[in-house]
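Worksheet for the structure shown next.
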Amino acid sequence: MADTMTGLKRTNYCGEVTAALEGKEVVVCGWVQRIRDKGMLVFIDLRDRSGIVQLAFDDTTEEALRQKAQSARSEFVLMAKGVVRRRESINKDMPNGDVEVAVSDLRILAKAATPPFEITEKTNVKEELRLKYRYLDLRRKEMQENIMMRHRIVKEARDYYDHTGFIEIETPTLIKSTPEGARDYLVPSRVQPGHFYALPQSPQQYKQLLMLSGYDRYMQVARCYRDEDLRADRQPEFTQIDVEMSFVDEQDVMGVAEGFLQQAFKNVLNIDLTTPFPILKYKDAMEQYGSDKPDIRFDLKIHNLTDVLKNTEFKMFAEAIAAGGSVRGIVAKDAADKLTRKEIDKLGDFVKTYRAKGLAYTRFTAEGVTSSFEKFLSPEEIAAMHTALGASTGDVLFVIADVKDKVVFDSLGALRNHLAQKLELTQPGTFAPLWVTEFPLFEYDEEENRYCAMHHPFTSPMLEDLEMMETDPAKCRARAYDIVLNGYELGGGSIRINDPEVQQRMFAALGLSPETVQERFGFLIDAFRYGAPPHGGMAFGLDRVVMLMLGKDNIKEVIAFPKVQNASELMTGAPGEVDQKNLDELFLKMDLKN
RNA sequence: GGCCCGGUAGUUCAGUUGGUUAGAACGCUAGCCUGUCACGCUAGAGGUCGUGGGUUCGAGCCCCAUCCGGGUCGCCA
């Protein structure tokens with residue numbers, strides 16, 4: 001049987017045992033990181049979330065106690081009492097490597113099986129195994145730092161918004177399903193057969209109603225759910241720092257958000273972010289960076305070559321231009337000696353992922369020019385193109401043409417990021433936040449053959465575009481804004497519609513019948529009849545904020561118990577099957593055919 | 001649903017053209033060691049090569065199917 005703690009109380013965390021406590025008696029608790037057994041001398045590195053302290057047993061230690069120490073193994077849980085003393089030889093690599101605890105009482109509180117992987121600060125163990133034994137993975141210093149850093153960032157959020165007059169209000173997570181937008185997670189109702197709750201994709205409608213109720217300046221650390229496929233930066237279950245304010249315009253919301261990021265970066269990372277953040281219109285973001293979440297840490301801007309090449313005889317380009325498409329390119333400065341022919345071919349495959357039909361390139365070296373397409377252009381066209389791109393010796397230029405601007409933007413935008421990574425154009429620890437504004441209000445859904453809300457149906461149109469809601473929806477812009485950091489969408493929001501008439505026009509533009517609107521949003525329409533203040537807000541994706549602040553490229557690293565690509569959790573095995581009895585209670589029948 | 005990558009000892013990996021008993025490092029077990037700290041030394045255990053089928057005299061290696069994991073496109077108001 002294991003020892004008990006009887007008679008001992010922890011006095012200090014392991015990492016707190018420093019030279020300042022020399023001569024004092026301490027009691028420490030933790031897990032065995034490592035044992036160095038030299039016979040008459042035994043050293044144990046004891047670890048807790050604060051750090052490591054060395055326990056020492058020597059010829060002055062009672063023999064039975066020393067033997068007990070020798071019986072300990074990795075990850076055993078120990079409690080040790082002893083006097084802090086200077087070491088005979090100092091370990092400069094440890095913060096408290098100049099002291100140790102001369103143990104006089106040792107308790108083995110729990111034995112431990114040999115873990116399936118070593119609990120080390122850094123790891124190269126497969127993620128699958130780490131997630132199956134997540135409770136062991138979370139013992140590692142790296143993970144403990146991530147999780148504790150996440151706590152500090154959440155605390156900064158609560159502090160910041162509290163100090164600036166925000167009230168945290170919890171909203172329900174069993175709510176009514178609204179089939180606009182992402183797929184809902186559904187929860188069957190037992191007491192109302194055939195009816196379902198949905199888990200919230202965001203607290204959107206509740207926070208707007210709170211504005212109507214007068215809780216000016218609301219915030220919530222809110223768990224949200226979307227039943228869509230996972231990515232390195234996307235989990236089906238995630239956390240938002242959700243914010244809504246009344247009697248505000250875009251600048252107010254953006255200013256408050258900038259203040260939060262500024263404070264969090266300062267207090268947590270000691271990094272100064274300059275405000276206000278740059279603002280880029282959606283249209284410019286797409287044209288210059290091929291993305292609505294551009295990484296502006298590096299240049300590699302996209303240039304439009306359509307005019308320059310409008311009379312070209314090169315078929316690939318001419319056909320795209322004739323069909324109303326475009327030809328655009330980017331220049332990788334001084335990359336000619338870094339990109340081999342083989343690597344450029346690979347880039348051609350890369351852009352095909354984004355539906356580009358091909359990647360035209362020119363390698364521009366002192367020895368000469370290698371180009372996949374310039375032989376089809378006139379000398380005047382080549383010169384004009386090079387001028388437009390700002391290309392010179394040593395550069396590699398890439399050109400993509402397509403009937404659809406979206407294909408050109410998507411592929412060049414992705415190529416831009418890919419090249420930046422390959423050519424190491426960014427430095428770790430640099431942060432380039434910006435706002436992207438003036439998003440389109442609508443997006444054409446080719447499957448459903450109608451316009452959908454790009455953001456959500458409560459987003460206000462820009463005042464000057466109001467009339468275009470009916471006449472030219474594609475051109476109608478929204479009072480929406482996204483905050484972007486290093487190529488990631490950190491969050492987004494909008495000024496909402498607070499005029500019931502505009503809201504009706506919005507629903508009409510989306511092709512929703514009055515009956516559908518009444519059924520889905522009736523309570524909201526109704527509420528807005530009773531005095532809705534002008535309001536707006538936004539939400540940060542907390543997981544991404546933490547991920548970027550920690551310099552990670554996978555969101556799982558900053559979530560204690562994340563899900564894997566098929567949306568299961570490897571440790572518990574969720575989701576699981578349930579008993580027939582549970583199904584019967586919920587009036588559910590399985591049909592697993594097809 | 002599509003594309004790409006991976007799965008060999010507890011872990012990370014190597015494994016030649018298909019050919020003897022599948023190796024290394026770390027970890028683990030036992031013994032020795034009075035100042036270690038990636039301790040050291042000696043000895044040892046540990047493998048259904050993801051799974052199923054096929055080709056072959058012979059498969060970790062070739063073929064087919066399938067499972068698991070990663071990245072990504074679609075998807076993510």
Salt bridge [X]-[Y], side-chain N to carboxylate O under 4.0 Å:
| X | Y | result |
| --- | --- | --- |
| Glu75(A) | Arg47(A) | yes |
| Asp233(A) | Lys293(A) | no |
| Asp405(A) | Arg328(A) | yes |
| Glu228(A) | Arg226(A) | no |
| Arg130(A) | Glu557(A) | yes |
| Glu62(A) | Lys68(A) | no |
| Arg66(A) | Asp59(A) | no |
| Asp349(A) | Lys346(A) | no |

Which nucleotide, if any, forms a Watson-Crick or G-U wobble pair with [N], using both distances under 3.5 Å?
| N | result |
| --- | --- |
| A45(B) | none |
| U55(B) | none |
| U21(B) | none |
| U16(B) | none |
| G40(B) | C32(B) |
| C3(B) | G71(B) |

Checklist entry - Just checking Ser202(A): base, sugar-phosphate only, or nothing, at a heavy-atom cut-off of under 4.0 Å? => result base
Next on the checklist: Just to be sure I understand the rule, does Lys126(A) reach a base, reach only the sugar-phosphate, or reach nothing, if contact means heavy atoms closer than 4.0 Å?
Outcome noted: sugar-phosphate
Table of protein N/O atoms under 3.5 Å from nucleotides 32-42 of chain B N/O atoms:
{"unit_1": "C33(B)", "atom_1": "N3", "unit_2": "Asp37(A)", "atom_2": "O", "d": "3.0"}
{"unit_1": "C33(B)", "atom_1": "N4", "unit_2": "Asp37(A)", "atom_2": "O", "d": "2.8"}
{"unit_1": "C33(B)", "atom_1": "N4", "unit_2": "Asp37(A)", "atom_2": "OD1", "d": "3.3"}
{"unit_1": "C33(B)", "atom_1": "N4", "unit_2": "Gly39(A)", "atom_2": "N", "d": "3.3"}
{"unit_1": "U34(B)", "atom_1": "N3", "unit_2": "Asp59(A)", "atom_2": "OD2", "d": "2.8"}
{"unit_1": "U34(B)", "atom_1": "O4", "unit_2": "Asp59(A)", "atom_2": "OD2", "d": "3.2"}
{"unit_1": "G35(B)", "atom_1": "O6", "unit_2": "Asp58(A)", "atom_2": "OD2", "d": "3.2"}
{"unit_1": "G35(B)", "atom_1": "O6", "unit_2": "Arg85(A)", "atom_2": "NH2", "d": "3.3"}
{"unit_1": "G35(B)", "atom_1": "N1", "unit_2": "Glu100(A)", "atom_2": "OE2", "d": "2.9"}
{"unit_1": "G35(B)", "atom_1": "N2", "unit_2": "Glu100(A)", "atom_2": "OE1", "d": "2.5"}
{"unit_1": "G35(B)", "atom_1": "N2", "unit_2": "Glu100(A)", "atom_2": "OE2", "d": "3.2"}
{"unit_1": "U36(B)", "atom_1": "O2", "unit_2": "Arg36(A)", "atom_2": "NE", "d": "2.6"}
{"unit_1": "U36(B)", "atom_1": "O2", "unit_2": "Arg36(A)", "atom_2": "NH2", "d": "3.4"}
{"unit_1": "U36(B)", "atom_1": "N3", "unit_2": "Gln54(A)", "atom_2": "OE1", "d": "2.9"}
{"unit_1": "U36(B)", "atom_1": "N3", "unit_2": "Gln54(A)", "atom_2": "NE2", "d": "3.2"}
{"unit_1": "U36(B)", "atom_1": "O4", "unit_2": "Gln54(A)", "atom_2": "NE2", "d": "2.9"}
{"unit_1": "C37(B)", "atom_1": "O4'", "unit_2": "Arg36(A)", "atom_2": "NE", "d": "2.9"}
{"unit_1": "C37(B)", "atom_1": "O2", "unit_2": "Arg87(A)", "atom_2": "NH1", "d": "2.9"}
{"unit_1": "C37(B)", "atom_1": "O2", "unit_2": "Asn91(A)", "atom_2": "ND2", "d": "3.1"}
{"unit_1": "C37(B)", "atom_1": "N3", "unit_2": "Arg87(A)", "atom_2": "NH1", "d": "2.8"}
{"unit_1": "C37(B)", "atom_1": "N4", "unit_2": "Ser89(A)", "atom_2": "O", "d": "2.7"}
{"unit_1": "C37(B)", "atom_1": "N4", "unit_2": "Ser89(A)", "atom_2": "OG", "d": "3.0"}
{"unit_1": "C39(B)", "atom_1": "OP1", "unit_2": "Arg34(A)", "atom_2": "NE", "d": "2.6"}
{"unit_1": "C39(B)", "atom_1": "OP2", "unit_2": "Arg34(A)", "atom_2": "NE", "d": "3.2"}
{"unit_1": "C39(B)", "atom_1": "O2", "unit_2": "Lys38(A)", "atom_2": "NZ", "d": "3.3"}
{"unit_1": "C39(B)", "atom_1": "N3", "unit_2": "Lys38(A)", "atom_2": "NZ", "d": "3.1"}
{"unit_1": "C39(B)", "atom_1": "N4", "unit_2": "Asp37(A)", "atom_2": "O", "d": "2.7"}

Protein-nucleotide distance ([X], atom [atom1]; [N], atom [atom2]), rounded to Å:
| X | N | atom1 | atom2 | result |
| --- | --- | --- | --- | --- |
| Arg183(A) | G1(B) | CZ | C1' | 11 Å |
| Met571(A) | G69(B) | CE | C1' | 17 Å |
| Phe117(A) | G69(B) | CZ | P | 17 Å |
| Arg140(A) | U11(B) | CZ | C1' | 13 Å |
| Lys122(A) | U12(B) | NZ | P | 18 Å |
| Ile555(A) | C76(B) | CD1 | C1' | 12 Å |
| Gln201(A) | C76(B) | CD | P | 10 Å |
| Lys346(A) | C5(B) | NZ | C1' | 12 Å |

[atom1] atoms of [N] and [M], separation to the nearest Å:
| N | M | atom1 | answer |
| --- | --- | --- | --- |
| A45(B) | A25(B) | P | 15 Å |
| G69(B) | U12(B) | P | 16 Å |
| C5(B) | C41(B) | P | 42 Å |
| C39(B) | C26(B) | C1' | 15 Å |
| C63(B) | G71(B) | P | 27 Å |
| G18(B) | C62(B) | C1' | 8 Å |
| U16(B) | A22(B) | P | 15 Å |
| G19(B) | G60(B) | P | 10 Å |

Checklist outcome for this item: Of the candidates C26(B), U11(B), G74(B), the side chain of Val125(A) sits closest to U11(B)
Item to check | Whichever of Pro116(A) and Arg73(A) has its nearest RNA chain B nucleotide further upstream toward 5' | outcome: Pro116(A)
Next on the checklist: Under a 3.5 Å distance rule, please check whether Tyr481(A) uses its side chain to pair with a backbone N or O of Ser494(A) as donor and acceptor.
Outcome noted: yes
Checklist entry - Would you find a donor on one side and an acceptor on the other, under 3.5 Å apart, between the side chain of Lys207(A) and the backbone of Asp242(A)? => result no
When you compare the protein's N or O atoms with those of nucleotides 70-72 of chain B, which come within less than 3.5 Å of each other, and at what distance?
{"unit_1": "G70(B)", "atom_1": "OP1", "unit_2": "Gln565(A)", "atom_2": "N", "d": "3.2"}
{"unit_1": "G70(B)", "atom_1": "OP2", "unit_2": "Gln565(A)", "atom_2": "N", "d": "3.1"}
{"unit_1": "G71(B)", "atom_1": "OP1", "unit_2": "Asn554(A)", "atom_2": "ND2", "d": "2.7"}
{"unit_1": "G71(B)", "atom_1": "OP1", "unit_2": "Lys556(A)", "atom_2": "NZ", "d": "3.4"}
{"unit_1": "G71(B)", "atom_1": "OP2", "unit_2": "Gln565(A)", "atom_2": "OE1", "d": "3.3"}
{"unit_1": "G71(B)", "atom_1": "N7", "unit_2": "Gln565(A)", "atom_2": "OE1", "d": "3.3"}
{"unit_1": "U72(B)", "atom_1": "OP2", "unit_2": "Ala232(A)", "atom_2": "N", "d": "3.1"}
{"unit_1": "U72(B)", "atom_1": "O4", "unit_2": "Gln565(A)", "atom_2": "NE2", "d": "3.4"}

Item to check | base_contact_polar (C76(B) base, Arg234(A) side chain, donor-acceptor, <3.5 Å) | outcome: yes
Next on the checklist: Minimum heavy-atom separation for Met79(A) and Cys29(A), please, with both atom names.
Outcome noted: CE-SG, 3.6 Å
